[in-house]
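The first residue in the sequence is number 1, and the count goes up from there. Predicted model, so just to flag it, every value in this text is computed and none were measured.
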Amino acid sequence: MEVNKKMIQCKHYPITYTLLIKKVKNINLRISNKGEIVVSANAFVPLEKIDEFVTSKITWILDHQKKVLERSAQCVRSEEELMLFGNRLKIKRSVSKYNHVSYDQEYLFVQYKEDSDSEKVIQNFLDKLCKDVFLDVATLTNHTLKDYQLPFPTLKIREMKSKWGSCMPAKQTITLNKKLIHYPLEFIEYVVLHEFVHFIQPNHSKSFYHIIENYMPDYKQRVALVEG
């Protein structure tokens, strides 16, 4: 991939952009996290045509550069935080050669490539964490309920507005709210058990809660962590 810096005269002032020569069908333009203009085009596109394309996008460029700078200033003024497993973590971002997210008891460390959106890096991390954690909890729950010989259900994860989870016994499917990842693991375990027990009792009768209490005697305290 060839990388060039170019300066062109645009209306009343010059602008500089980074040109990446690579195998793409169209001329692509984006604004980096630092507010820089980055253009991608294949080697067969004349430089004059690329300059014309950038000039034609000047209104869009100025608007998005303004938003990037405002977002950057906002990050400096206010401390960014994210809830993970019930812990409030401070977000530390840094530009790196690769995208990677890790965390400890106090911080969420976000490393991202210069041409990446750090928010998308965080969301991708959370999506993967949901899949891994929810699958582990579901596997353990299925084993806990082994006396009932329940088949392992299809596990779905999505954002839900009014439910932590849902169960469809006829389709052997459990759907979990991805927002659960922000809450204590004890509560996640309760929600998963709750949905599994619906394969045994498809209602919220006394028998339903008797089964839950039998396998999770402290379930009311777990619910109180979020809803109390």
Side-chain angles (χ1 to χ4, degrees), residues 33 67-68 70-96 98-113 116-145 152-168 173-199 204 208-209 211-213 215-228:
N33 293 327
K67 290 179 180 178
V68 168
E70 287 176 347
R71 189 162 60 243
S72 177
Q74 185 178 9
C75 291
V76 173
R77 289 194 301 268
S78 61
E79 189 172 53
E80 292 182 277
E81 296 181 333
L82 181 139
M83 292 292 290
L84 191 65
F85 299 123
N87 296 320
R88 190 176 297 277
L89 305 181
K90 299 173 185 176
I91 300 177
K92 281 194 172 183
R93 304 174 195 252
S94 62
V95 178
S96 178
Y98 50 85
N99 295 328
H100 180 70
V101 179
S102 60
Y103 61 95
D104 57 21
Q105 293 297 314
E106 189 175 358
Y107 294 101
L108 184 79
F109 302 98
V110 183
Q111 296 172 276
Y112 61 98
K113 294 186 289 187
S116 297
D117 183 337
S118 62
E119 288 299 323
K120 288 185 179 179
V121 172
I122 293 174
Q123 190 56 58
N124 290 339
F125 162 75
L126 291 176
D127 288 345
K128 184 178 185 305
L129 192 63
C130 283
K131 291 179 182 178
D132 293 343
V133 172
F134 296 173
L135 179 60
D136 285 347
V137 174
T139 301
L140 290 172
T141 303
N142 185 252
H143 179 72
T144 298
L145 297 171
F152 194 82
T154 298
L155 202 63
K156 297 183 178 181
I157 301 169
R158 64 180 179 86
E159 286 193 4
M160 304 171 76
K161 292 184 178 180
S162 59
K163 295 181 179 180
W164 292 116
S166 64
C167 174
M168 297 183 68
T173 300
I174 286 177
T175 302
L176 297 173
N177 191 334
K178 63 168 58 179
K179 293 179 182 178
L180 280 168
I181 203 68
H182 301 297
Y183 294 88
L185 182 59
E186 294 88 345
F187 182 68
I188 297 174
E189 291 171 341
Y190 162 73
V191 173
V192 174
L193 176 63
H194 183 111
E195 301 308 330
F196 262 88
V197 173
H198 274 310
F199 289 128
H204 291 109
F208 172 86
Y209 284 105
I211 296 171
I212 288 183
E213 189 170 17
Y215 289 95
M216 189 177 285
D218 64 339
Y219 82 90
K220 292 182 180 178
Q221 290 90 330
R222 292 174 183 245
V223 174
L225 290 172
V226 174
E227 300 177 355

Discussion item. Which residues pass the salt bridge (Lys or Arg N to Asp or Glu O under 4.0 Å) test with Asp132, not counting sequence neighbours?
Written reply: Lys128
Worksheet entry | Derivation of the ring pair (Phe, Tyr, Trp, His ring centres under 6.0 Å) call for Phe208 and His194 | CA-CA 9 Å; Phe208 172 86; His194 183 111; 4.8 Å; yes
Worksheet entry | Approximate separation, where rounding is to 0.5 Å, of Tyr209 OH and Met216 CE | 13.0 Å
Practice prompt. Can you measure from NZ (Lys178) to NZ (Lys131) and round to the nearest 0.5 angstrom?
Written response: 8.5 Å
Item to complete: First locate atom CD1 of Ile181, then atom CZ of Phe134, and finally report the distance between them rounded to the nearest 0.5 Å.
Response: 4.5 Å
Discussion item. Using a strict threshold of under 4.0 Å (side-chain N to carboxylate O), is an ion pair present between Glu119 and Arg93?
Written reply: yes
Discussion item. Nearest 0.5 angstrom please: Phe85 CZ to Phe187 CZ, how far?
Written reply: 14.0 Å
Worksheet, complete the sentence: Residues at least two apart in sequence or cross-chain that pass salt bridge (Lys or Arg N to Asp or Glu O under 4.0 Å) with Asp136, listed by chain then number, are none
Worksheet entry | Nearest-0.5 Å distance, CD1 of residue Ile157 to CG of residue Leu155 | 5.5 Å
Discussion item. Please verify the inter-ring angle class for Tyr183 with Trp164; under 30° counts as parallel, over 60° as perpendicular, anything in between as tilted.
Written reply: perpendicular
Discussion item. My understanding is that only residues two or more places apart in sequence, or in another chain, count here; which of them pass salt bridge (Lys or Arg N to Asp or Glu O under 4.0 Å) with Arg88?
Written reply: Glu81
Worksheet entry | Exam field: side chain Asn177 to backbone Lys179, donor-acceptor pair closer than 3.5 Å | yes
Item to complete: May I ask you to decide if Lys120's main-chain N or O and Asn124's side chain share a donor-acceptor pair within less than 3.5 Å?
Response: yes
